[in-house]
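Shown next, in structure tokens, is the structure this report addresses.
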Amino acid sequence: MAKKHYIIPIFVPHKGCPFDCVFCNQKKITGRTKEITAKEVDDQIEEYLGTIGNLDEKYVEIAFFGGSFTGIEKIKQEELLRIAYKWKKRGMIKDIRLSTRPDYIDESIMKMLVDYGVSIIELGVQSMNYEVLIKSGRGHTAEDVVNAVKIMKKYPIQIGLQMMIGLPGDTIEIANLTAQKLIDLSPNFVRIYPTLVVKDTYLEKMYLQGNYKSLSIDDAVVISKGLLLKFLKAEILVIRIGLQPTENILLGKEVIAGPFHPSFRQLVEAKIFKEMLDDAFLKKDIKTHSSIEIQVNDRYVSSLVGHKKENINFIKNKYSIKKIKTIRNNDLKDTSIKIIQSGGETFVLNMKEYANNAI
């Protein structure tokens, strides 16, 4: 059985970044405005570890979120990393993760990070399109991303790349081209974030003046669905789709517009499951059966069923099936589905295989 994964988050709000991207207000997103100290980091790690229990059965990592970490003064970077590395050397945590900008990576930075036990680095790429990067105020180029990844691959770390959809000037075609360029860089994993309009950002001003239109939930789901399938086909892990909901990141609070949903990834997966089922039922011609059983891993039950049983009701109505029973089967791995017809015939669907055929 895989060990349960725990993340100890350390927020470093807007430190080290002189740029103000149109969408960015790290103080609102992280909920933290004060500079964090080494003692606070040490106390926070100790407190988290005290709540986790038997570490032999857990996989724990420390993650520095919220700013361009490698843009912080070097002495501050070392001060914070020294604390994290202390716990790693003790065997209490497995990984140290941080996020930064593509143009804040070079050989000397990488050597220092690895010397302090950093094992996972995420780059905020957002887009690989020149016009989108300019309109978003990113302050770096696509070439900076390529160069950073080239340097990072010389070191024993995992590389994560973050992209955004719905930025000023972005389109579904541009988003897909960005995804393909990220795939060409062969990262270990990616994140996909739909753009949200957050208070006290330039994007809010653009939105209120009518110079920016945010994606709808439906459009964001459709774009993200295509991207997820694209990354699945390339065998690149997508570890998150959509911002994690917090007390601040909720529509009507700090988010004034945009495709926010507390279970955004579930909406994306549900749309794929619906298409998978429709495609399979059409090809298998099982519309004459009065009942079927669909088994899925517990993790994906909600995505399979769909919002308000949308997926199940769609299949029942389209294929004249009187009863569909959903069963949790944790022996099924990943996004596999086992369908058992009333006559006993069984077949298995897999999202990865569907991606291979759909893209």
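Hydrogens, waters and symmetry mates play no part in the numbers below; they use all other heavy atoms, side chains included.
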key: Side chain N188, main chain I159, donor-acceptor under 3.5 Å   = yes
Short N-O contact, R101 and D103, less than 4.0 angstrom = yes
ask   = Just wondering, more than 12 heavy atoms not from Y130 lying within 6.0 Å of its OH?
value = no
Between CZ on residue F281 and CG on residue L277, distance to nearest 0.5 Å = 5.5 Å
ask   = Atom CG in N350, atom NZ in K333: separation rounded to 0.5 Å?
value = 11.5 Å
request  = Applying ring-ring contact (aromatic ring centres under 6.0 Å, His included), name anything that partners Y59, two or more places apart in sequence or on another chain.
outcome  = H5
Side-chain H-bond candidate by donor/acceptor type, T141 with E143, under 3.5 Å = no
task = Compare all side-chain heavy atoms of I109 with those of D106 and state whether any distance is below 4.5 angstrom.
result = yes
query = Taking the side chain as C-beta and beyond, is there a heavy-atom pair between E57 and K4 under 4.5 Å?
reply = no
message = Parallel, tilted or perpendicular: which one describes the rings of F273 and Y300, with boundaries at 30° and 60°?
response = perpendicular
inquiry  = I want to check something: taking the side chain as every heavy atom from C-beta on, are N357 and D279 in contact at a cut-off of under 4.5 Å?
reply    = no
inquiry  = In the structure I gave you, are the side-chain heavy atoms of Y116 and I96 within less than 4.5 Å of one another anywhere?
reply    = no
task = Decide yes or no for C21 and R138: does some side-chain heavy atom of the first lie under 4.5 Å from some side-chain heavy atom of the second?
result = yes
message = Are the side chains of E254 and L196 in contact, using a 4.5 Å heavy-atom criterion?
response = no
key: Verify same cluster id: V268, F189 (apolar side-chain graph, 4.5 Å)   = no
message = Hydrophobic clustering (ILVMFWY, side-chain heavy atoms < 4.5 Å, transitive) - are F314 and I321 grouped together?
response = yes
query = Which residues satisfy the side chain to side chain contact (heavy atoms under 4.5 Å, CB included) test with D43, sequence neighbours excluded?
reply = K39
Option from V12, V118, I10, I120 for which side chain to side chain contact (heavy atoms under 4.5 Å, CB included) with L98 holds = V118
message = Between D298 (side chain only) and N330 (backbone N and O only), is there a donor and an acceptor less than 3.5 Å apart?
response = no
request  = Test side chain to side chain contact (heavy atoms under 4.5 Å, CB included) on M128 and L182 and set out the steps.
outcome  = CA-CA 8 Å; M128 293 292 278; L182 299 194; 4.0 Å; yes
message = Distance check, rounded to the nearest 0.5 Å: M276 atom CE versus M351 atom CE?
response = 5.5 Å
inquiry  = Whether the side chain of Q44 engages the backbone of P9 through a donor-acceptor N/O pair (distance < 3.5 Å, no angle test) should be reported.
reply    = yes
key: Closest non-hydrogen atom pair between L332 and N297, with its separation   = O-ND2, 2.8 Å
request  = Flag yes if L282 and L349 sit in one hydrophobic cluster, no otherwise; membership is Ile, Leu, Val, Met, Phe, Trp, Tyr, and two members link when side-chain heavy atoms are under 4.5 Å apart.
outcome  = yes
task = Give a yes or no on whether F231 and V145 share a hydrophobic cluster (residues Ile, Leu, Val, Met, Phe, Trp, Tyr; joining criterion: side-chain heavy atoms under 4.5 Å apart).
result = yes
query = Salt-bridged, D278 to K318, with N to O below 4.0 Å?
reply = yes
remark   = Residues R265 and V238: closest non-hydrogen pair is NH1-O, 2.7 Å
query = Under 3.5 Å, is there a donor-acceptor pair between the side chain of R82 and the main chain of A38?
reply = no
task = Rounded to the nearest 0.5 Å, what's the gap from OG on S136 to CG on L167? Could you check?
result = 4.0 Å
ask   = Of all residues at least two apart in sequence or in a different chain, which pass the salt bridge (Lys or Arg N to Asp or Glu O under 4.0 Å) check with K205?
value = none
ask   = In chain order, what residues pass the salt bridge (Lys or Arg N to Asp or Glu O under 4.0 Å) check against K58, with sequence neighbours excluded?
value = none
task = Work out which heavy atom in T37 is nearest to a heavy atom in E79; give both atom names and the distance.
result = C-OE2, 4.5 Å
ask   = Using a distance-only test with no angle check, is there a side-chain donor-acceptor pair under 3.5 angstrom linking Q180 and D184?
value = yes
ask   = Is there a donor-acceptor pair closer than 3.5 Å between any side-chain N or O of N311 and the backbone N or O of L304?
value = yes
Only distances under 3.5 Å count here; give the side-chain donor-acceptor pairs of residues 215-226 to other protein atoms, sequence neighbours excluded, each with its distance to 0.1 Å.
{"unit_1": "S216", "atom_1": "OG", "unit_2": "D219", "atom_2": "N", "d": "3.0"}
{"unit_1": "S216", "atom_1": "OG", "unit_2": "D219", "atom_2": "OD2", "d": "3.4"}
{"unit_1": "S224", "atom_1": "OG", "unit_2": "A220", "atom_2": "O", "d": "2.8"}
{"unit_1": "K225", "atom_1": "NZ", "unit_2": "E275", "atom_2": "OE1", "d": "3.4"}
{"unit_1": "K225", "atom_1": "NZ", "unit_2": "E275", "atom_2": "OE2", "d": "2.9"}

task = Can you see which heavy atom on L229 is nearest to which on A355, and at what distance?
result = O-CB, 3.4 Å
task = Could you please spell out the steps behind the side chain to side chain contact (heavy atoms under 4.5 Å, CB included) verdict for Q162 and Q126?
result = CA-CA 6 Å; Q162 304 167 3; Q126 318 318 1; 4.2 Å; yes
Any side-chain heavy-atom pair of Y48 and V60 under 4.5 Å = no
note = Closest non-hydrogen atoms of S336 and V348, given as atom of the first, atom of the second and distance, are CB-CG1, 4.3 Å
Donor + acceptor pair across side chains of Q295, N329 (<3.5 Å) = yes
inquiry  = Does this structure show an ion pair linking D115 with K111, if we count only N-O contacts that are shorter than 4.0 Å?
reply    = yes
ask   = For K233, does the NZ atom have more than 12 heavy-atom neighbours from other residues, nucleotides or ligands under 6.0 Å away?
value = yes
Donor + acceptor pair across side chains of E107, Y155 (<3.5 Å) = yes
message = Donor-acceptor check, side chain of K274 to backbone of E310, threshold 3.5 angstrom: yes or no?
response = no
message = Can a donor-acceptor pair be found, under 3.5 Å and without considering hydrogens, that links the side chain of R240 to the backbone of G242?
response = yes
task = Tell me, yes or no, whether the heavy-atom count around K153 atom NZ, taken from other residues, nucleotides or ligands under 6.0 Å, exceeds 12.
result = yes
request  = Look at the side chain of T195 and the backbone N and O of I165, then say whether any donor-acceptor pair between them is shorter than 3.5 Å.
outcome  = yes
message = Any side-chain to backbone donor/acceptor pair from T346 onto I340? Under 3.5 Å, distance only.
response = no
request  = Calculate, to the nearest 0.5 Å, the distance between atoms CG and CD1 belonging to L113 and I121 respectively.
outcome  = 5.0 Å
inquiry  = Under a 4.0 Å threshold between the charged nitrogen and the carboxylate oxygen, would E131 count as salt-bridged to K135?
reply    = no
request  = Apply salt bridge (Lys or Arg N to Asp or Glu O under 4.0 Å) to K86 and list each qualifying residue two or more places apart in sequence or on a separate chain.
outcome  = D42
key: Charged N-O contact under 4.0 Å between K338 and E293   = no
Nearest atoms (heavy-atom pairs only) where A179 meets L227 = CB-CD2, 3.6 Å
task = Could you tell me the separation between the CD atom of Q341 and the OG atom of S291, rounded to the nearest 0.5 Å?
result = 10.0 Å
query = Side chain of E204, backbone of K199: donor and acceptor closer than 3.5 Å?
reply = no
task = Determine, using the 4.5 Å side-chain heavy-atom cutoff (strictly less than), whether I339 and I272 are members of one ILVMFWY cluster.
result = yes
message = Are V255 and L243 packed together at the side-chain level, in the sense that at least one heavy-atom pair is separated by less than 4.5 angstrom?
response = no
task = Evaluate the ring planes of F69 and F64, with Trp represented by its six-membered ring, and classify them as parallel (under 30°), tilted (30 to 60°) or perpendicular (over 60°).
result = tilted
